[in-house]
Amino acid sequence: MKMAASFLSNPTTFLPSSSSLTSQKHTVNGRTSVCKPVCRLPNYPPHISKRSLSISLTSLFLLSLNGNNANAAILEADDDLELMEKVKQDRKKRIEKQSVLNSPNKDKEYLQEVIYKLSKVGQAIEKNDLPSAGSILGQTPDVDWLKKANAALSQLSSSPDEKAEVDTFNSSLTSLYSSVTKNDIEGSKLAFVDSASAFEKWTTLTGLTGQLKGL
């Protein structure tokens, strides 16, 4: 009771002094040891600075770029393989076409006849001599030289572009026959240019320009 009354009258007497908070002395076996207080921090979440956050975001961005570059490299490699395969196929087709021209089936001769006919027709049209042009072409598009030429064109055409030029050549040549028959000079000139251009483009696409004379 006395202690309680004393505490109530002067509670500070029972509180440790500031010096006792910083250190306490104990005597053990005649030696004095100092026990330092242990300061326990509250369990707050770790502090993240703006700089560390910026570095983390930058690292993530660089990693994503590296991933994108890797994907791009894979796609580029695939494109290279496809391109190499296309080059091989094109080379194979050119070799096959050259073999056909060098064979005894006379395809080269038929194509050479087309160049000769177009050259003569062009000279006649340039002089406005449509009767001579008609005589060179023949009466209708069913003439023998044109049938043989179309057979050679079909045999040597493999790609869609090559086949498209063959179709353009034939349609333009049909227009040329019609214009010559009607004695239409301007129409004949336009149709002749279209026919000659289509045939020349076809020889370029097939790689046969150097195999034929007069182009």
Subject >> Which residues share a side-chain hydrogen bond (donor to acceptor under 3.5 Å, both in side chains) with N183, sequence neighbours left out >> reply: none

**OP:** Kindly give the heavy-atom pair with the smallest separation between A152 and Y110, and that separation in Å.
**Re:** CB-CB, 4.5 Å

Subject >> side chain to side chain contact (heavy atoms under 4.5 Å, CB included) partners of S175, counting only residues at least two apart >> reply: A191

Subject >> Minimum heavy-atom distance between P141 and L146, given as atom pair plus value >> reply: O-CD2, 3.3 Å

Original post:
When hydrophobic residues are tied together by side-chain contacts of less than 4.5 Å, even through go-betweens, does W202 share a cluster with I115?
Top reply: yes

**OP:** Kindly compute the distance separating CD (E162) from CG (L156), expressed to the nearest 0.5 Å.
**Re:** 9.0 Å

Original post:
With no hydrogens and no angle check, is any side-chain donor or acceptor of S179 less than 3.5 Å from a backbone partner on L176?
Top reply: no

Original post:
Got a salt bridge between K148 and D144, using NZ or NE/NH1/NH2 to carboxylate O under 4.0 Å?
Top reply: yes

**OP:** Going by the side-chain contact (heavy atoms from CB on, under 4.5 Å) test, name the single residue among V180, V121, L118 that passes it with I136.
**Re:** V121

**OP:** List for me each residue that meets side chain to side chain contact (heavy atoms under 4.5 Å, CB included) alongside D142, sequence neighbours excluded, and say none if there are none.
**Re:** T140, K147

Subject >> For Q112 against K213, the heavy-atom pair lying closest together >> reply: NE2-O, 2.6 Å

Subject >> Any donor-acceptor pair under 3.5 Å from S171 side chain to T168 backbone >> reply: yes

Subject >> Residues in side-chain hydrogen bond (donor to acceptor under 3.5 Å, both in side chains) contact with T204, at least two apart in sequence or another chain >> reply: none

Subject >> Cluster overlap L190 with L137, hydrophobic side-chain contacts below 4.5 Å >> reply: no

Original post:
Is there a donor-acceptor pair under 3.5 Å between the side chain of Y177 and the backbone N or O of Q139?
Top reply: no

Original post:
At their closest point, which heavy atom of D184 faces which heavy atom of G187, and how far apart are they?
Top reply: OD1-N, 3.0 Å

Subject >> For N150, all residues meeting side-chain hydrogen bond (donor to acceptor under 3.5 Å, both in side chains), sequence neighbours excluded >> reply: N170

Original post:
Are Y116 and V143 linked, directly or through other ILVMFWY residues, by side chains that come within less than 4.5 angstrom of each other?
Top reply: no

Original post:
Would you say E113's side chain and E109's backbone share a donor-acceptor pair under 3.5 angstrom?
Top reply: no

Original post:
Looking at residues at least two apart in the chain, or sitting in another chain, which of them share a ring-ring contact (aromatic ring centres under 6.0 Å, His included) with F169?
Top reply: F199

Subject >> Least distance between heavy atoms, T203 atom then T206 atom >> reply: O-OG1, 3.2 Å

Subject >> Donor-acceptor pair, side chain of Q211 and main chain of K108, under 3.5 angstrom >> reply: no

**OP:** Give the intermediate values and the outcome of side chain to side chain contact (heavy atoms under 4.5 Å, CB included) for residues D107 and Q155.
**Re:** CA-CA 9 Å; D107 281 340; Q155 182 175 358; 2.9 Å; yes

Original post:
Out of curiosity, S135 OG to K120 NZ, how far, rounded to the nearest 0.5 Å?
Top reply: 12.5 Å

**OP:** Working to the nearest 0.5 Å, report the span between OG of S195 and CD of E200.
**Re:** 12.5 Å

**OP:** Apply side chain to side chain contact (heavy atoms under 4.5 Å, CB included) to the pair S188 and L130, showing each step before the final yes or no.
**Re:** CA-CA 8 Å; S188 298; L130 295 187; 3.8 Å; yes

Original post:
Which value, rounded to the nearest 0.5 Å, describes the distance between F192 atom CZ and Q123 atom CD?
Top reply: 8.5 Å

**OP:** For K189, look at atom NZ and say whether over 12 heavy atoms of other residues, nucleotides or ligands are found less than 6.0 Å away.
**Re:** yes

